[in-house]
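As the structure is a prediction and not an experimental result, all values here were calculated from the model. Note on naming: letters A, B, ... go to the chains in the order of the sequence lines (proteins, then strands), and numbering restarts at 1 for each one.
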Amino acid sequence: MPELPEVETIVRTLKPQIQGKTIRSVRVLLSKAMQYGAERLSLISGARILEVSRRAKLLVVGLGLAAGHKKVLPLARGTQPDMPGLSDLPDCLRDADLLLVFHLKMTGSFFVHPQGAEPLPHTRLVFDLGDAGNLFFDDMRTFGYCRIMLAEELPAWPFWASLGPEPLGMSSERLAAHFAAQFAKKRSSIKSALLDQRIVAGVGNIYADESLFSARIDPRSKAGAVPSERLLALAEALQAVLRQSIEECGSSIRDYRDALGNAGAFQNSFAVYGRKDEPCKVCGYASLQGCKLSGRGTVFCPVCQTHFE
DNA sequence: TCCTCCCTGTTC
DNA sequence: GAACAGGGAGGA
């Protein structure tokens with residue numbers, strides 16, 4: 001389940017394989033995998049891949065269209081730098097003619113296969129890169145998607161427009177202050193708040209549980225009840241966990257692989273995620289407790305983690 | 001603010 | 001053969 005560190009790892013491993021390459025054509029093997037902009041597929045033929053980047057859990061590919069295709073675009077080029085909703089988009093992507101925006105959801109993955117390779121059972125999209133091979137978008141559970149978008153359309157996409165800040169894009173003190181301001185209005189649990197992409201972008205089930213354990217906060221605590229010094233601990237813990245996971249190329253549980261087919265290593269550092277009924281690595285308490293929050297499996301140590309009500 | 005649904009492969 | 005994995009949309 002690619003969260004921020006896994007998507008970041010995929011960007012880093014995919015980029016050197018496809019940047020600068022030209023897309024000859026695209027095959028759509030599952031129509032719902034092309035969620036938006038499918039009528040623009042023909043424009044992509046001959047497009048050059050300018051950039052591969054990330055925002056939240058989304059992987060964004062910037063394209064420069066072939067000369068004959070540019071004039072077909074419905075909107076005039078050139079974005080205002082202060083356009084709301086675009087402030088988190090790297091400059092190199094604002095300048096692209098067209099964007100491919102991917103959400104990998106639980107099982108989306110990329111792999112560059114040799115030219116002419118046959119699709120696999122879960123291959124949903126194939127980008128023919130000519131001599132550079134075929135880029136496969138595989139997705140067993142078919143929750144993932146690709147959107148073909150103009151940068152100008154991003155602010156009108158509700159999901160994009162609602163995304164909160166990048167947790168690694170600011171100091172831990174500022175992140176803590178942001179948490180304090182956002183959590184104060186919430187009646188839900190602090191874990192639900194961490195998973196809320198409108199509050200902070202890119203955190204999923206793994207890093208929510210791990211950061212709350214590291215900050216010694218019970219995930220069932222009411223978000224607004226956690227004292228500010230604990231929110232600083234949480235901000236520091238979240239950033240540390242995300243940075244360490246990126247360093248270790250993400251967490252490989254079940255099927256996650258980067259764009260070179262390699263597994264990450266951060267799963268070996270899990271303190272609580274997936275360790276229900278196992279002993280706490282810090283206090284030795286015999287069996288970590290499990291519960292459901294926001295419909296997500298949650299694991300925590302009832303001894304180490306303080307409950308705030 | 002919470003629940004159900006989407007989807008398929010793995011585990012019990 | 002049921003339970004489980006879970007991000008986000010949509011509905012209660």
Side-chain angles (χ1 to χ4, degrees), chain A residues 1-8 10 29-36 54-60 101-109 119-125 136-147 149 154 156-164 166-167 182-212 219-225 238 242 245 250-257 263-264 266-267 270 272-278 288-300 309:
Chain A
M1 42 232 54
E3 301 180 26
L4 189 157
E6 290 76 29
V7 179
E8 183 65 31
I10 291 170
L29 301 171
L30 179 73
S31 60
K32 77 163 189 170
M34 193 55 78
Q35 187 193 71
Y36 177 92
R54 180 191 64 76
R55 164 76 173 119
K57 300 172 192 171
L58 297 164
L59 185 144
V60 187
V101 184
F102 293 90
H103 199 311
L104 308 183
K105 288 291 182 85
M106 261 70 73
T107 54
S109 66
L120 300 168
H122 301 117
T123 303
R124 311 306 183 194
L125 303 170
F136 283 21
F137 175 62
D138 287 32
D139 182 22
M140 180 183 80
R141 284 165 72 179
T142 75
F143 284 8
Y145 56 78
C146 173
R147 297 169 63 95
M149 302 185 78
L154 289 172
W157 179 22
F159 175 61
W160 180 279
S162 72
L163 288 171
E166 291 286 330
Q182 294 294 314
F183 291 178
K185 326 167 194 168
K186 303 271 298 182
R187 260 196 284 278
S188 62
S189 69
I190 193 162
K191 166 148 180 188
S192 301
L194 272 181
L195 291 175
D196 187 339
Q197 302 296 295
R198 297 170 299 180
I199 293 181
V200 65
V203 179
N205 208 29
I206 294 173
Y207 301 99
D209 275 13
E210 291 297 320
S211 59
L212 286 167
R220 302 167 298 178
S221 301
K222 189 182 154 192
L238 178 62
L242 293 173
S245 183
S251 307
S252 285
I253 47 171
R254 291 176 280 276
D255 9 55
Y256 165 77
R257 291 292 183 276
F266 189 68
Q267 67 279 5
F270 287 165
V272 288
Y273 181 85
R275 298 193 63 247
K276 183 176 179 293
D277 299 331
E278 292 179 35
L288 293 174
Q289 198 170 327
C291 68
K292 274 240 191 297
L293 287 172
S294 293
R296 304 289 169 255
T298 301
V299 185
F300 62 99
E309 195 57 73

If you assign A:Lys186 and A:Arg141 each to the DNA chain B nucleotide with the nearest heavy atom, which residue ends up on the more 5' nucleotide? A:Lys186
Using whole Å, what does the distance between atom P of nucleotide C:dA9 and atom NZ of A:Lys57 come to? 11 Å
Answer yes or no: does a side-chain N or O of A:Lys105 lie under 4.0 Å from OP1 or OP2 of B:dC6? no
Taking only the side-chain nitrogens and oxygens of A:His122, find out if one of them lies under 4.0 Å from OP1 or OP2 of B:dG9. yes
When the distance from CH2 of A:Trp160 to C1' of C:dA9 is rounded to whole Å, what number comes out? 19 Å
Under 4.0 angstrom, heavy atoms only, what part of the nucleic acid is A:Tyr273 near: base, sugar-phosphate, or nothing? sugar-phosphate
Does a nitrogen or oxygen in the side chain of A:Lys292 sit under 4.0 Å from OP1 or OP2 of C:dA5? yes
Does a nitrogen or oxygen in the side chain of A:Arg296 sit under 4.0 Å from OP1 or OP2 of C:dG7? yes
Separation of atom CG in A:Asn205 from atom P in C:dC4, rounded to whole Å: 14 Å
Check: A:Asp139 and A:Lys105 side chains under 4.5 Å, non-hydrogen atoms: no
Step-by-step side-chain contact (heavy atoms from CB on, under 4.5 Å) determination, A:Leu212 to A:Thr298: CA-CA 11 Å; A:Leu212 286 167; A:Thr298 301; over 6 Å; no
Rounded interatomic separation in angstrom, taking CG from A:Asp209 and P from C:dG7: 10 Å
Do the ring planes of A:Trp157 and A:Tyr145 sit parallel (below 30°), tilted (30 to 60°) or perpendicular (above 60°)? perpendicular
With A:Lys191, which of A:Ser221, A:Pro219, A:Ser211 fulfils side chain to side chain contact (heavy atoms under 4.5 Å, CB included)? A:Pro219
Please state how far atom CG in A:Leu293 lies from atom C1' in B:dC3, giving the value in whole angstrom units. 14 Å
Taking for each residue the nucleotide of DNA chain B bearing the nearest heavy atom, is the 5' side occupied by A:Asp255 or by A:Gly295? A:Gly295
Take atom NZ of A:Lys276 and atom P of B:dC12, then tell me their distance rounded to the nearest Å. 12 Å
Does a side-chain N or O from A:Gln197 land closer than 4.0 Å to OP1 or OP2 of C:dG8, or not? yes
Nearest to the side chain of A:Thr142, which nucleotide is it out of B:dC7, B:dG9, C:dG7? B:dC7
Taking only the side-chain nitrogens and oxygens of A:Lys32, find out if one of them lies under 4.0 Å from OP1 or OP2 of B:dC7. yes
With no hydrogens and no angle check, do the side chains of A:Tyr207 and A:Glu6 hold a donor and an acceptor under 3.5 Å apart? yes
Tell me: CG of A:Leu163 to P of C:dG7, nearest whole Å? 14 Å
From NE2 of A:His103 across to P of B:dC7 the rounded distance in Å is 17 Å
